[in-house]
Asker: 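Handing you a structure now.
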Amino acid sequence: MTSIADRSAPSVAVSRTTRQDLVVRAYAAAEALAIPLLALLVAAAIFGAFIAALGKSPLDLYRLIYTGAFGSWFSWQNTLLRAAPLLLVALCVALPARLGLLVIGGEGALALGGLAAAAVAAPLQGLPPALVISLMALAGMLMGALWIGGIGALRAYRGVNETISSLLLAYIAVALFNHLVEGALRDPASLNKPSTAHVGQANMIGTLPGMDVHWGLVVGVIACIAAWVLMERTSLGFAARMTGGNIRAARLQGLPVGRLIVGFCALGGAMAGLAGMIEVAAVHGRANGSLIVGYGYTGILVAFLARQNTLAVMPVAVLLGGIAAAGGLVQRRMGLPDATMLVFQGILFVVILMSETLYGRIPWLQPPLSTERTS
Amino acid sequence: MTDIGWWGVPLAVLGGAIRVSTPFLFVSLGECLTEKSGRINLGLEGTLVIGAISGYAFSYHSGSAWIGVFAAGVAGCLFGALHGWLCKFERVNDIAIGIAMMLLGTGLAFFFGKAYIQPSAPRLPAIPFGSWSSIPQLEAALEINVLFLAGIAVAVLLWWAFRATRAGLIVRMVGDSADAARAMGYSVDRIRLLSTAAGGFLAGVGGAYLSLYYPGSWNEGLSSGQGLMAIALVIFARWNPLACFGAALLFGGAGALGPALQSVGVTSGYYLFYAAPYVLTLAIIIAMSSPTRAFAGAPSELSITK
């Protein structure tokens with residue numbers, strides 16, 4: 001696989017920043033912004049045509065999506081609530097992607113992370129909430145790290161294709177989750193919807209002051225920023241990017257390629273597991289089927305739309321969180337099935353991948369020849 | 001009814017293997033054809049679901065299950081062609097496009113499928129090969145659908161075509177060395193596009209089997225990763241269409257284990273038995289991978305083996 005890592009925004013190793021460097025980087029940044037925006041517009045146009053072909057008004061649809069996602073303080077909060085887990089599961093795709101791996105099993109890591117957190121909280125009732133919450137977070141992250149780290153280990157030491165193994169493990173994770181939630185970990189009081197025991201009101205993560213949005217959003221933002229610093233400003237991140245750029249060169253340089261792959265996969269998995277823990281400890285209170293609603297798959301789309309740049313993950317997660325939040329409103333007002341948003345996501349995903357071919361090809365987004373470094 | 005007790009389990013697994021394996025067979029043959037041309041289509045899961053809903057809808061409106069099967073194939077073919085066309089552009093990753101197509105196919109199928117959850121469409125006929133037997137379980141196990149037989153025929157045909165026909169050789173050449181094919185004057189992109197489209201046709205037919213025979217109705221949980229497992233199945237079968245048939249039977253049997261045990265009263269590990277095919281797939285992939293060499297028998301242009 002050649003091309004996941006080298007799609008990310010070109011990061012020139014700058015020893016001395018000259019004027020030419022700045023110009024080149026400004027053009028690269030403009031290109032990295034303009035092409036995804038263009039792709040978004042094209043996807044919206046195709047989806048609009050699809051809606052129009054069904055005899056509905058695309059303009060009404062987009063107005064509704066805007067209202068449902070960003071139209072009021074209430075919808076903004078709904079949007080941010082949905083963006084919170086997306087920030088973390090997108091990291092589960094974006095971090096391994098920088099090493100050239102296409103890991104798409106975030107859904108499974110999220111479910112099992114949430115389950116581990118709920119299971120840990122059950123026997124700890126009555127202990128100080130800060131301790132219980134920390135242990136829950138630790139359990140969720142550990143579970144996710146083991147799950148996705150295992151995929152990395154299979155890749156690094158056994159040559160198992162990580163895309164296929166992560167997809168298969170996502171199905172296995174969901175089966176394991178259901179097995180435990182309907183068996184050993186089931187709260188006998190949960191009749192209609194099998195669930196684990198409640199983690200305890202005292203152990204719930206609170207909401208941000210003056211909002212209905214929980215602290216998980218802040219955790220996600222911090223994680224995205226930290227991931228960016230790790231990737232772009234540390235030698236560990238540089239080693240990871242080098243592995244993604246050219247694995248043979250990285251090996252020749254003596255980089256511990258296997259350990260890097262396992263480590264960054266585990267880190268991504270830990271983020272997805274943390275997302276599951278936060279969904280349990282801040283929203284549902286229990287681990288049950290509400291955890292498995294496709295956050296992991298939307299997270300893949302977020303990471304690709306952000307081109308595996310963890311800072312760009314933040315606005316993209318809000319955008320896609322908003323589109324998901326507006327789904328209910330669109331469904332009710334326009335009489336469209338709930339899969340409508342899934343169609344939009346699919347079209348968007350295809351167009352985004354398609355747009356990769358445009359980089360370096362749009363003439364007015366390329367730096368003028370005279371500014372190219374000659375020395 | 002004769003009580004055969006635990007003997008019902010192997011019989012139900014056998015019957016299930018025949019019933020459940022057909023979609024595996026069609027999808028894996030489609031994937032085999034696509035991969036022989038040097039490209040991987042991870043989106044066949046989406047194609048399968050699209051085939052299932054198109055087959056069901058056309059069967060319902062036309063009154064003929066066979067029109068449904070054909071429509072499913074055409075829908076799958078269009079999906080495959082879209083995949084093949086998108087992948088020809090520079091820097092477009094075929095694996096990632098596959099995931100996107102999976103999402104798009106599922107979305108479209110659920111979108112149009114809402115209206116077809118209730119109505120019942122004409123189903124595909126089956127041939128009762130077991131009518132001589134007085135044991136109902138055996139009779140049920142030997143009730144074989146026509147598409148299963150068609151699948152065997154396609155497997156033999158593909159095996160022969162890869163070995164002995166000009167078209168088969170061209171596909172194999174494109175999959176093993178695009179440079180050689182270009183030097184001979186063949187358009188690599190066009191041959192891959194045609195192979196992906198034909199593979200999509202087969203996967204679509206596999207989907208029609210799901211909605212028109214077994215389980216035989218349309219709902220959103222109809223396909224649960226069969227399209228994906230078929231990719232592992234092709235690796236297991238070492239890109240040999242005849243081996244795909246054996247592998248499909250094995251996977252079908254694994255998938256039938258859960259329901260078979262349930263029918264004799266074992267219900268405890270239901271979800272774990274349900275996961276058996278995925279675990280089997282993963283185990284096979286792990287066993288066949290190696291950190292130092294590509295899969296045995298793999299077309300050398302294939303991106304997952306590089």
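Chain letters run A, B, ... following the sequence lines, proteins first, then strands; residues in each count from 1.
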Asker: Counting only heavy atoms closer than 4.5 Å, note whether Leu82(B) contacts chain A via side chain, backbone, both or neither.
Answerer: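 Answer is neither: Leu82(B) stays 4.5 Å or more from chain A.
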Asker: Look at Leu342(A), Leu54(A), Leu168(A) and state which one has the largest set of heavy-atom pairs under 4.5 Å with chain B.
Answerer: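 Counting heavy-atom pairs under 4.5 Å, the top option is Leu168(A).
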Asker: Are any non-hydrogen side-chain atoms of Met229(B) and Leu280(B) less than 4.5 angstrom apart?
Answerer: no
Asker: Assess whether side-chain contact (heavy atoms from CB on, under 4.5 Å) is satisfied between Ile362(A) and Glu31(A), documenting all intermediate values.
Answerer: CA-CA 9 Å; Ile362(A) 300 178; Glu31(A) 189 180 41; 5.5 Å; no
Asker: Is it the side chain or the backbone of Leu348(A) that comes within 4.5 Å of chain B heavy atoms, both, or neither?
Answerer: neither
Asker: For the CD atom of Gln345(A) and the CG atom of Leu103(B), what is their distance to the nearest 0.5 Å?
Answerer: 6.0 Å
Asker: Could you list the residues that satisfy side-chain hydrogen bond (donor to acceptor under 3.5 Å, both in side chains) with Asp176(B), not counting sequence neighbours?
Answerer: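 With sequence neighbours excluded, Asp176(B) shows a side-chain hydrogen bond (donor to acceptor under 3.5 Å, both in side chains) to Ser300(B), given in chain and number order.
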Asker: Measuring heavy-atom distances to chain B, does Ile352(A) have an atom under 4.5 Å in its side chain, in its backbone, in both, or in neither?
Answerer: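 Neither the backbone nor the side chain of Ile352(A) comes within 4.5 Å of chain B.
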Asker: Picking from Met288(B), Glu220(B), Lys114(B), Met102(B), which has the most non-hydrogen pairs under 4.5 angstrom with chain A?
Answerer: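 The residue among Met288(B), Glu220(B), Lys114(B), Met102(B) with the greatest pair count is Lys114(B).
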Asker: Would you mind reporting whether Leu336(A) and Leu61(A) have side-chain heavy atoms less than 4.5 Å apart?
Answerer: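 SC-SC contact between Leu61(A) and Leu336(A) confirmed.
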Asker: Leu228(B) versus chain A, heavy atoms under 4.5 Å apart: side chain, backbone, both or neither?
Answerer: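 The side chain, not the backbone.
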Asker: Show me the donor-acceptor pairs, under 3.5 Å and distance only, between side chains in residues 99-108 of chain A and residues at least two apart or in other chains.
Answerer:
unit_1: Glu107(A); atom_1: OE1; unit_2: Tyr295(A); atom_2: N; d: 3.3
unit_1: Glu107(A); atom_1: OE1; unit_2: Gly296(A); atom_2: N; d: 2.6
unit_1: Glu107(A); atom_1: OE2; unit_2: Gly294(A); atom_2: N; d: 3.0

Asker: Go through Ile97(B), Leu282(B), Val279(B) and name the one with the most non-hydrogen pairs under 4.5 angstrom from chain A.
Answerer: Leu282(B)
Asker: Of all of Leu108(B), Leu272(B), Ile285(B), which one pairs up most often with chain A through heavy atoms under 4.5 Å apart?
Answerer: Leu272(B)
Asker: Going by an N to O cut-off under 4.0 Å, is there a salt bridge joining Arg182(B) and Asp179(B)?
Answerer: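 Yes, Arg182(B) and Asp179(B) are salt-bridged.
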Asker: Heavy-atom distance under 4.5 Å between the side chains of Arg190(B) and Lys88(B), does that happen here?
Answerer: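 Sidechains of Lys88(B) and Arg190(B): no contact.
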Asker: So for Phe50(A), is it side chain, backbone, both, or neither that comes closer than 4.5 Å to the heavy atoms of chain B?
Answerer: side chain
Asker: Would you mind telling me which of Pro291(B), Gly107(B), Ser290(B) has the largest number of heavy-atom pairs within less than 4.5 Å of chain A?
Answerer: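 Of the options given, most contacts go to Pro291(B).
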Asker: At a 4.5 Å cut-off on heavy atoms, which part of Leu154(A) comes close to chain B: side chain, backbone, both, or neither?
Answerer: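 Side chain only.
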Asker: Between Tyr171(A), Phe349(A), Phe344(A), which shows the greatest number of heavy-atom pairs under 4.5 Å with chain B?
Answerer: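 Top count of heavy-atom pairs under 4.5 Å with chain B: Tyr171(A).
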